[in-house]
Protein chains: 2
Amino acid sequence: MENQKRTTIYDIAKKLNLNASSVSRALNGSSNVSEKTKELILKTAKELNYRQNSIASNLRKGENRTIGVVVPRINQNFFSNVIAGIEEVTYQKGYNLIICQSNESYQREIKCVDTLINQHVSAIFLSISADFEDNEHLKSVGEHQIKLIQFDRVDDELDTFKVLCGNEEASFEAVEHLLTQGYRRIALLEGPQNLNIFRQRKKGYLSALAKHGLSLLPELIVENAWTRELGAAATEKLLALPQPPDAIFASTSDFAALGVLDVAQARGLKVPQELGIIGFSNEAFTEITQPSITTIDQFSKEIGKNVANLYFQKLSKTASSETNKIVSIRPKLIIRGSTLRNGI
Amino acid sequence: MENQKRTTIYDIAKKLNLNASSVSRALNGSSNVSEKTKELILKTAKELNYRQNSIASNLRKGENRTIGVVVPRINQNFFSNVIAGIEEVTYQKGYNLIICQSNESYQREIKCVDTLINQHVSAIFLSISADFEDNEHLKSVGEHQIKLIQFDRVDDELDTFKVLCGNEEASFEAVEHLLTQGYRRIALLEGPQNLNIFRQRKKGYLSALAKHGLSLLPELIVENAWTRELGAAATEKLLALPQPPDAIFASTSDFAALGVLDVAQARGLKVPQELGIIGFSNEAFTEITQPSITTIDQFSKEIGKNVANLYFQKLSKTASSETNKIVSIRPKLIIRGSTLRNGI
DNA sequence: TTGTATGCGTTATCAA
DNA sequence: TTGATAACGCATACAA
C-alpha cells in the first residue's frame with residue numbers, strides 16, 4: 001500500500017475499458033452516463049480506493065473553493081470565535097479554510113496575503129495587525145480577482161466589504177452607564193490609535209463626556225494599556241494623581257480591566273463604591289471575578305458568521321453590491337458588579 | 001483591473017519574446033538563465049503583477065506544502081493554543097495550514113479527513129471527536145500517502161505518530177496531592193470513557209488511591225461531567241450522599257471545577273477547608289477565582305509545536321522512524337488555594 | 001451514451 | 001543559455 005501512486009480516473013478507465021471522460025462524468029454525477037456503467041465506475045472507484053485530486057480539479061475548473069483567513073492571533077478568544085463562526089458557514093457551503101496568523105506583525109501579514117493570493121483562494125477574510133502600516137498588499141488582493149472582506153480591525157481607506165463591531169456606540173454606552181452611576185472622573189485606557197477599533201472606542205468615550213458637559217482631562221487617558229500588567233501599571237499611575245479617577249474604562253480589553261481590579265484590591269479600594277471598572281470583550285473570566293466585571297460583548301462568533309454570509313450573499317445578488325458594503329454587529333453592554341453602586 | 005485574467009508565465013514570455021520555460025526558470029531562481037534575462041523577466045513580472053499559481057505548480061510537482069489540522073473545536077482554549085503552536089513551526093517551514101473542526105461529531109470528522117485527502121495535503125494532524133466510533137477513515141489517510149499525527153485525543157489502536165499529554169501521571173499527582181493535604185474521600189468527575197484522555201485520567205486517580213491503600217468508592221465517581229453546569233449538578237449529587245466527599249477532582253475540565261466551586265459557595269462550604277477542588281487544563285480563570293483553583297497545565301502550545309516538529313523531523317531522518325513514534329509532554333500540577341489547607 | 005481532443009499553469013526533460 | 005514538448009489529473013466541448 002505504501003509508496004504507491006494514487007489511483008486516477010485513468011486507472012479506473014483502463015480497468016473497465018472505458019474512457020477517462022466517462023469516469024469523470026460518472027464520478028461527478030453527470031446525467032450523460034448510463035446507470036449501468038455509472039454503478040460499475042463507482043464500484044471500482046471504491047475498490048481501487050480512488051480519491052479525487054482536488055488540485056487538478058481546481059486547476060482545470062479555474063476555481064478553488066477555499067477561503068483564506070488572516071488574523072493577528074489564532075489563540076485569542078475573540079479571533080478563535082470569529083473563525084468558529086466563519087467555519088460554521090463555510091463548511092456548509094463546502095468551502096475549505098486556510099488560516100494564517102500575522103502575529104500582529106505587518107510584515108508577516110503581507111506574507112500571509114501573498115501566499116493566499118498564490119493559492120488562488122476565492123476570498124480573503126482579514127483583520128489587520130497592530131502595527132499595520134500600509135494597504136498596498138490589501139489592494140493587490142482585489143487586483144487578483146480575490147474578494148476581500150475586512151472585519152473588526154479594518155483599514156477605513158480601503159473600499160471593501162466590512163464587518164464591524166459598533167465600537168463607538170458601545171463605548172459611548174459604557175461611559176454613559178458610568179455617568180448614570182454617578183462616576184464623574186472617568187479614566188480611559190486606550191489602545192494603539194492606528195487601529196480603527198481603538199480610535200472608535202476613544203471617540204465614544206469623548207462624545208459621552210461631551211454630551212454630559214464634562215470636559216476632557218488629558219491626564220486621565222493612558223495609552224497602550226492592553227494587557228493585565230499594563231492595565232495594572234496604568235492604574236497605579238492614575239491612582240497616584242492628585243485627583244485620581246473614580247472610574248476606569250479599560251477600552252482595550254478585559255485583561256486590562258483585570259489589571260485595574262488587581263491594583264484596586266491590592267490597595268484596598270472598594271469596587272464599585274470607590275472605583276468603577278469596565279472592560280471590553282466579555283471574556284469568560286469577567287463573570288467570575290469578585291466583583292464581576294462590567295464589560296462589552298462583541299458577539300464574536302456572530303461576526304464570523306456575518307463575514308462568511310456577506311461573501312456568499314455577494315456571490316448571489318449582484319444588484320445591491322454597492323449598497324450593503326458594511327455590516328455592523330451591535331455589541332452589548334453587560335452590566336455587572338464592578339460598576340453597580342446605585343442599583344440599576 | 002477587474003475581471004481580467006491573471007497573468008501567467010506565458011504572458012511574460014510573450015511580452016519578452018521568450019519561452020515560458022525560461023520564465024519559469026528565472027522565477028524559480030534557476031542558475032541556468034543569464035543574469036540579464038533574469039532581471040528582465042523579474043522586472044516585467046512585477047510590471048504585469050504576476051503571481052505564481054500554486055495550484056498549477058503543486059499539480060505539476062505532485063506535492064502540496066499544506067498540512068490539514070482537524071480538531072473538535074477551534075475556539076476551545078486548548079485546541080486554539082495547539083494550533084498556534086503548530087502554526088509557529090509550519091509557518092517557518094513555508095507550509096500552509098487547512099483547519100477543520102469536527103464539532104465533536106464523528107461523521108463530520110470523517111468528512112474533514114476526506115476533503116483533506118482530496119486536497120492532497122502532506123500531513124494531517126488530528127485530535128479525535130468525542131463520539132469517535134471507528135478508525136477506518138484514519139487508516140485511509142495512510143493509504144493515500146499522507147502522514148497522520150494524532151495528538152491529545154488519540155486512537156490507541158492505530159499505529160501512528162502521537163503527541164500525548166501525560167494524563168495518567170498528572171492525574172496521579174493531583175490525587176496524591178489531595179491525599180497529602182489530608183483529604184480522604186476524593187470524588188472523581190470523569191469524561192466519556194471512549195476517549196483515551198479520560199480513561200488515562202481515571203487510571204491515575206485509581207492508582208493513586210491504590211498506592212495509598214484507599215479503596216475505590218463507586219458512588220464517588222460521576223460520569224460525563226465536563227461543563228460548568230454538569231460539574232455543578234454532579235456536585236449537588238455528591239454532597240447529598242450520606243457520606244459526602246471531602247474533595248472533588250474534576251478530571252474533565254476547569255469548567256467542571258468551576259461548577260463545583262459554584263455549588264460549594266452557594267452552600268457555604270469552605271474551600272479548601274471543607275472541600276478540596278482540582279480542575280484540569282489551567283484555564284485563565286482558575287487563577288482568578290476565590291479561592292484560585294488548583295489545576296493541571298498541559299502546555300498546549302508546546303504540544304502543537306511538538307506535533308509539527310515530529311512531522312518535519314520524520315521527514316529528515318529515516319533511521320529512527322520506528323523508535324520515537326510517541327512523544328509525551330509532561331503536564332504540571334499547579335497548586336493553588338482550592339486545595340491548600342495545610343500549606344505546602 | 002461514449003470517445004476524442006484539448007487545455008488549466010506550471011515544471012522537467014530533452015534537444016538545440 | 002534557451003526553446004520545444006510533454007506531463008501532472010481532471011473536466012469539458014465536440015464529434016461519433
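Scope of the values below: all heavy atoms of this structure, side chains included, with no hydrogens, waters or symmetry mates. Here is how names work: the chains are called A, B, and so on, in the same order as the sequence lines, proteins then strands, and each is numbered from 1.
- Within residues 13-26 of chain B, the residues that have a heavy atom under 4.0 Å from DNA chain D are, in order of number, B:Asn17, B:Leu18, B:Asn19, B:Ser21, B:Ser22, B:Arg25.
- A:Asn32 has its CG atom 14 Å from the P atom of D:dC14, to the nearest Å.
- A:Arg6 and A:Asn53 are not linked by any side-chain donor-acceptor pair at a separation below 3.5 angstrom, with hydrogens and angles left out of the test.
- No more than 12 heavy atoms of other residues, nucleotides or ligands shown are found within 6.0 angstrom of NZ on A:Lys111.
- Sorted by first and then second residue, the ring-ring contact (aromatic ring centres under 6.0 Å, His included) pairs with a member in residues 101-151 of chain B read B:Tyr106-B:His137; sequence neighbours excluded.
- Between the CD1 atom of B:Ile9 and the P atom of D:dA4 there is a distance of 14 Å, given to the nearest Å.
- Annotation: proximity of residues 111-120 of chain A to DNA chain C (heavy atom, distance under 4.0 Å) is found for no residue.
- With hydrogens and angles left out, the side-chain atoms of A:Ser30 and A:Asn28 include no donor and acceptor closer than 3.5 Å.
- Rounded to whole Å, atom C1' of D:dG9 lies 9 Å from atom CD of A:Gln52.
- Contacts between residues 33-42 of chain B and DNA chain D, defined by a heavy-atom separation under 4.0 Å, are made by B:Val33, B:Ser34, B:Thr37.
- The distance between atom CG of B:Asn58 and atom C1' of D:dC10, rounded to the nearest whole Å, is 15 Å.
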Identify the pairs formed between an N or O of the protein and an N or O of nucleotides 6-8 of chain C at a distance under 3.5 Å, and give each distance.
| from | atom 1 | to | atom 2 | distance (Å) |
| --- | --- | --- | --- | --- |
| C:dG7 | N2 | A:Arg60 | NE | 3.3 |
| C:dG7 | N2 | A:Arg60 | NH1 | 3.3 |
| C:dC8 | O2 | A:Arg60 | N | 3.3 |

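- In this structure, CD1 of B:Ile55 is placed 19 Å from P of D:dC8, rounded to the nearest angstrom.
- Within the 4.5 Å cutoff, the side chain of A:Val121 has no heavy atoms near those of the A:Ile67 side chain.
- Going from atom CD of A:Glu63 over to atom C1' of D:dG9 covers 16 Å, rounded to whole Å.
- Pairing each heavy atom of B:Arg153 with each of B:Asn196, the nearest pair is CA-OD1, 3.3 Å.
- Each ring-ring contact (aromatic ring centres under 6.0 Å, His included) pair with one or both residues in residues 32-87 of chain B, not counting sequence neighbours, would appear here, but there are none.
- In this structure, A:Ile12 places its CD1 atom 13 Å from P of D:dG9, rounding to the nearest Å.
- Side-chain rings of A:Tyr311 and A:Phe161 stay apart, their centers remaining 6.0 Å or farther from each other.
- Atom CZ of A:Arg51 is separated from atom C1' of D:dC8 by 20 Å (rounded to the nearest Å).
- Inter-residue side-chain proximity for B:Leu27 and B:Ile9 is flagged as met; some heavy-atom pair is nearer than 4.5 Å.
- Looking only at side-chain heavy atoms (C-beta outward), A:Ile329 and A:Leu164 stay at 4.5 Å or farther from each other.
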message: As a quick check of understanding, evaluate side-chain contact (heavy atoms from CB on, under 4.5 Å) for B:Leu195 and B:Ile128, giving each step before the final call.
response: CA-CA 8 Å; B:Leu195 290 185; B:Ile128 63 181; 3.9 Å; yes
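- The line from CD1 of B:Ile12 to CG of B:Leu18 is 10.5 Å long, rounded to the nearest 0.5 Å.
- Taking the charged nitrogens against the carboxylate oxygens, A:Arg51 and B:Asp114 do have a contact shorter than 4.0 Å, which makes a salt bridge.
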